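Have a look at the structure below before the remarks.
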There are 2 protein chains.
Amino acid sequence: MRLYKSSEYAIRCLVSMAHSGGGVHSVKSLSDNLGIPYKFLGRLMSRLGSEGVVESVKGKAGGYRIVRPLEDIRLAEIVDIVEGLESYERCILGFDRCDEKNPCPMHEFWSGHKDGILEMLKSTTLAQLAESEGKKI
Amino acid sequence: MRLYKSSEYAIRCLVSMAHSGGGVHSVKSLSDNLGIPYKFLGRLMSRLGSEGVVESVKGKAGGYRIVRPLEDIRLAEIVDIVEGLESYERCILGFDRCDEKNPCPMHEFWSGHKDGILEMLKSTTLAQLAESEGKKI
DNA sequence: GCAAAATGCTACCCCCGGGTAGAATATAAA
DNA sequence: TTTATATTCTACCCGGGGGTAGCATTTTGC
């Protein structure tokens with residue numbers, strides 16, 4: 001019942017970048033400021049780059065930059081890229097088909113929470129996460 | 001965002017046992033009926049036995065039996081025994097201290113869901129899970 | 001042109017959840 | 001007493017997420 005470390009890192013990193021404006025941030029500086037393993041974060045940002053969430057700037061003074069509007073980048077997209085959303089959509093007891101018509105024993109107790117979480121992931125944007133000052137990152 | 005296989009198996013197995021009365025069930029029969037790996041389920045039941053959720057009956061015609069009243073066995077207890085509840089209580093972004101006073105960026109979006117899930121686990125009993133006919137197990 | 005600083009890529013290692021194998025032990029039925 | 005059927009215990013293997021290391025590549029600043 002937790003995000004993968006990859007998702008934790010990706011979200012914290014993007015929130016930090018969003019928070020400090022639209023400039024270019026090197027992986028080194030992000031890694032130092034957020035306490036995230038350098039090489040690991042590098043792979044993560046590379047992946048977010050190839051999926052079009054951020055843009056890479058090569059060479060000296062290079063790094064990564066968020067290009068799309070923050071209101072456009074939703075949690076569900078980030079999580080889907082780095083860990084996939086399958087585990088948020090599947091039956092809690094692992095059955096292939098599980099719905100109102102043919103429920104597992106936990107369905108009535110779980111489906112509400114599952115739907116709520118998915119809805120939250122799909123509706124919450126990077127703009128919302130970044131807008132409040134004073135929060136830890 | 002999912003139960004460990006261990007929790008899936010433990011819940012399905014206990015629901016199945018509760019459903020078919022208070023008799024003794026061998027690991028072999030449970031494994032066959034539910035499609036759960038035999039040796040793996042054996043270790044799981046042994047653990048549930050040492051924690052007092054079920055009772056082992058050795059020798060020929062032996063197996064496991066639920067002893068405590070079904071209204072007394074809650075999901076939270078089962079999950080805590082086989083996989084632990086830590087991941088259901090911690091901050092979604094992994095911060096050590098994260099609360100209303102000192103929130104992480106996701107706190108306001110996540111804490112409600114977290115509390116709801118924990119409350120569900122702590123209040124739902126084996127009796128509730130087992131009572132409905134026609135559900136898959 | 002050259003060096004510094006950055007991304008990009010490949011190959012590893014470690015830990016742990018999940019799963020398997022086999023022998024030891026206990027006990028009811030024959 | 002023997003045998004069949006069960007739990008119990010230990011050791012091992014596999015795959016994947018998390019993490020590290022090294023080198024190639026790119027591009028700016030001098």
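Since the model is a prediction, treat every value here as computed from it, not as a measurement. These values consider heavy atoms only, across backbone and side chains, with no hydrogens, waters or symmetry-generated copies.
The listed nucleotides are D/dT8, C/dT20, C/dG8; the one nearest the side chain of B/S46 is D/dT8. The side chain of B/K60 lies closest to D/dT5 when the candidates are D/dT5, D/dG17, C/dC9.
One interatomic measurement links the two molecules: OH of A/Y38 to C1' of D/dG18, which rounds to 18 Å at whole-angstrom precision. Taking atom NZ of residue B/K28 and atom P of nucleotide D/dT7, one finds them 11 Å apart after rounding to whole Å. The CD-P distance, from B/E55 to D/dT8, rounds to 11 Å in whole Å. Taking atom NZ of A/K58 as the reference point, atom C1' of C/dC9 lies 10 Å away to the nearest angstrom. Between the C1' atom of D/dT7 and the CG atom of B/L41 lies a distance of 12 Å, rounded to the nearest Å. Atom pair A/L3:CG and D/dG18:P shows a separation of 10 Å (rounding to whole Å applied). Distance CZ (A/R2) to P (D/dG18): 7 Å, rounded to an integer number of Å. Atom CD1 of B/I36 is separated from atom P of C/dT20 by 12 Å (rounded to the nearest Å).
In this model, the phosphate group of D/dG17 is not approached by any side-chain N or O of A/Y9 to a distance below 4.0 Å at OP1 or OP2. Between B/S56 and D/dT8 there is a side-chain polar atom (N or O) within less than 4.0 angstrom of OP1 or OP2. Phosphate contact (OP1/OP2 of D/dG18, side-chain N/O of A/S6, threshold under 4.0 Å): present.
At a threshold of 4.0 angstrom between heavy atoms, the contacts of A/G62 are confined to the sugar-phosphate backbone, with no base atom among them. Nucleic acid contact class of B/F40 (heavy atoms, under 4.0 Å, all strands): base.
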Practice task
Apply the test side-chain contact (heavy atoms from CB on, under 4.5 Å) to residues B/S16 and B/N33: give CA-CA distance (whole Å), side-chain angles for both, the deciding distance (0.1 Å), then the verdict.
Solution key: CA-CA 9 Å; B/S16 171; B/N33 292 336; 5.8 Å; no

Exercise for the section: Report the C-alpha distance between A/Y88 and A/V79 in whole Å, list the side-chain angles of each, state the deciding distance to 0.1 Å, and finish with yes or no for side-chain contact (heavy atoms from CB on, under 4.5 Å). Expected result: CA-CA 10 Å; A/Y88 296 80; A/V79 173; 3.9 Å; yes

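A donor-acceptor contact under 3.5 Å is formed by the side chain of B/K39 with the base of C/dG22. Side-chain atoms of A/R43 come within donor-acceptor range of the base of D/dT20, with a qualifying N/O pair under 3.5 Å.
A donor-acceptor pair is defined here as one N or O able to donate and one able to accept, closer than 3.5 Å; such a pair exists between the side chain of B/S123 and the backbone of B/E119. Under a 3.5 Å cut-off, the side chain of A/T125 and the backbone N or O of A/R74 do not form any donor-acceptor pair.
For the pair B/E51 and B/R47, the salt-bridge criterion is met [side-chain N within less than 4.0 Å of a carboxylate O].
Nearer the 5' end of DNA chain D, as judged by each residue's closest nucleotide, is the contact made by B/M45, out of B/M45 and A/K5.
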